[in-house]
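Reviewing the structure listed below.
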Amino acid sequence: MNQNKDTIVKPSILSGFLELLPEDQIIFNNMLDTIRSTFESYGFIPIDTPVIEKAEVLLAKSGGETEKQVYRFTKGDNDLALRFDLTVPLARFVAQHYGVLTFPFRRYHIGKVYRGERPQKGRFREFYQCDIDIVGDEKLSVINDAEIVSVIHSTFKKLGLDEFTIMINNRKLLNGFFMHYGIKDNVEVLRIIDKLDKIGADNVRKELVASGISENVADEILEFTNLCGDPDDVISALRQIDIDNDDFVSGLEELETVWSYIKAFGLDSSEIEINLKIARGLDYYTGTVYETILNHHKELGSVCSGGRYDNLASNYTKKKLPGVGISIGLSRLFYQLREANVISVSGVKTTTKVLFVPLGDTSAYAIKTANYIRRKGVNTEVYLNDGKLAKKLNYANKLGIPYVAIIGEDEVKKNTVCIKDMNSGEQSVYTIDELTEFVKNIM
RNA sequence: GUGGGUGUAGCUCAGUUGGUUAGAGCGCCAGGUUGUGGCCCUGGAGGUCGUGGGUUCGACUCCCAUCAUUCACCCCA
């Protein structure tokens with residue numbers, strides 16, 4: 001019986017939403033596990049919050065741009081919104097549960113967030129963020145800013161990535177610099193500066209002048225933001241700049257402290273740089289800011305960024321709760337690694353290690369034996385449909401299952417299992433006792 | 001929100017200056033006899049050529065609209 005064609009709905013998902021096939025999902029999940037365990041190795045505590053929040057909570061602070069990107073809807077009388085990051089929910093969380101949390105509160109949070117913007121290469125409307133933040137009660141040492149870098153560095157290394165650069169800057173330093181030159185709209189200036197790599201110094205200079213900045217100051221800005229690279233070099237160059245401005249001075253001081261502790265964490269300038277051009281991110285950052293790029297895919301933007309905020313939860317509590325944190329854009333990171341073939345096709349489409357194939361009326365024995373090695377920690381599956389052996393072996397083949405246990409009348413009679421190595425094609429017969437040895441060998 | 005590209009089989013794409021029954025590769029299913037996969041051979045299923053109009057004797061091909069999708073700008077993970 002064929003379904004009427006008119007009633008068939010074309011199976012499709014919204015554009016901008018990432019959906020992976022099993023082969024990729026397995027790799028994605030492995031990355032996620034790696035990130036989670038690295039975060040926990042530094043003592044970060046897991047939380048999870050609802051994907052939907054009250055709009056008044058989520059949008060308590062937001063300025064124009066974020067508000068435009070928020071998925072917002074009503075259900076009955078409730079004004080609701082999907083979270084667009086994990087930091088705002090964190091602010092609500094710490095304010096709401098202030099009384100029972102222990103500070104400094106070191107939390108990690110891995111989850112999906114939503115932004116209703118036009119999809120583009122490596123940009124999604126729904127994507128995973130993996131956040132770590134450290135929230136202090138009234139105070140939070142700037143040493144934490146250095147630790148964040150260390151955590152991210154470890155995480156990327158554990159993920160098997162070597163070619164990345166964590167770029168560090170400080171908002172106070174920038175604000176102080178701009179103030180010194182009498183620039184009012186430093187957000188506008190930062191946006192123009194940010195285009196340096198894309199459009200070049202000449203065009204940036206033109207845009208700066210067009211925005212009302214004098215040519216002299218534009219040159220000063222270009223020269224300043226050109227400072228970039230080995231932190232020791234940048235810091236000594238910054239020391240030469242004669243700007244007597246509180247923000248500038250304390251920003252530089254913070255930057256120096258952060259760098260000195262980054263070194264204490266055992267890192268050097270091979271993956272860390274100071275880059276005075278990076279200053280973006282949400283506007284609540286007030287001190288250190290971070291951005292991380294893959295060296296061979298700079299054009300695809302930051303895969304991990306964050307920073308320091310003096311007062312995270314001011315919209316939800318009168319307590320002063322300073323914090324510092326960073327977020328890995330896992331969907332983007334995965335997508336880019338996949339595009340660049342850093343993650344290659346494995347051919348493995350299941351986590352099953354052993355497939356039991358019963359022939360004839362041997363399913364009960366196969367299930368019993370499968371249970372036995374499953375309890376020993378081996379991912380095990382039993383093929384429960386009728387069919388020729390060839391078809392069953394092909395099933396294992398297509399999914400990339402490395403071992404098949406063939407169970408026939410002979411095996412049942414002799415209380416044995418015939419295990420075939422799908423890569424070499426070799427088969428050997430094990431008694432139930434000998435299976436323990438087999439399990440040890442493949443774990 | 002602004003601007004460009006692309007819509008033909010499940011996937012990747014051919015399709016000659018408009019002309020008969022729209023093709024390939026991959027994938028899928030079946031077979032090449034009974035408990036041995038990957039390779040190979042044979043056969044099969046699967047498309048109202050995104051949708052709706054228009055031009056024409058005739059449109060996958062030309063024109064318009066619409067939808068979908070994608071890339072870029074803006075902004076960001």
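Note on naming: letters A, B, ... go to the chains in the order of the sequence lines (proteins, then strands), and numbering restarts at 1 for each one.
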* Asked: Testing A:Val217, A:Ile193, A:Ile183 for side-chain contact (heavy atoms from CB on, under 4.5 Å) with A:Leu208, which one passes?
  -> A:Ile193

* To do: Compare the aromatic ring of A:Phe124 with the six-membered base ring of B:A77 and state whether they stack according to the 5.5 Å and 30° rule.
  => no

* Pairing string, 5' to 3', for RNA chain B - Watson-Crick or wobble contacts under 3.5 Å, brackets [ ] where pairs cross, | to another strand -> (((((((..((((.....[...)))).(((((.......))))).....(((((..]....))))))))))))....

* Please give, in whole Å, the distance from B:C29 C1' to A:Tyr395 OH? -> 17 Å

* Could you list by number each residue of residues 381-391 of chain A showing a heavy-atom separation from RNA chain B of less than 4.0 Å, or answer none if no residue does? => A:Lys388, A:Leu389, A:Ala390, A:Lys391

* **Chi angles and distances behind the side-chain hydrogen bond (donor to acceptor under 3.5 Å, both in side chains) call for A:Tyr42, A:Ser154** => CA-CA 10 Å; A:Tyr42 277 82; A:Ser154 299; 2.8 Å; yes

* **Contacts of type salt bridge (charged side-chain N to carboxylate O under 4.0 Å, His left out), residue A:Arg125, not counting sequence neighbours** => none

* When you measure from the side chain of A:Leu393, which nucleotide among B:U36, B:A77, B:C74 comes out closest? -> B:U36

* Side chain of A:Lys398 only, please: which of B:C28, B:A77, B:A72 is the nearest? => B:C28

* To do: Consider the side chain of A:Ser302, meaning its heavy atoms from C-beta on, and name the nucleotide among B:C74, B:G37, B:A77 that approaches it most closely.
  => B:A77

* **Atom-to-atom span, CG of A:Leu18 to C1' of B:A77 - whole angstrom** => 13 Å

* Using a heavy-atom cut-off of under 4.0 Å over every strand shown, decide if A:Asp194 touches base, sugar-phosphate, or nothing. => nothing

* Between B:U70 and A:Ser15, is there an OP1 or OP2 to side-chain N/O distance shorter than 4.0 Å? -> yes

* Structure fact -> Per atom distances to the A:Gln120 side chain, the nearest of B:C76, B:A72, B:G38 is B:A72

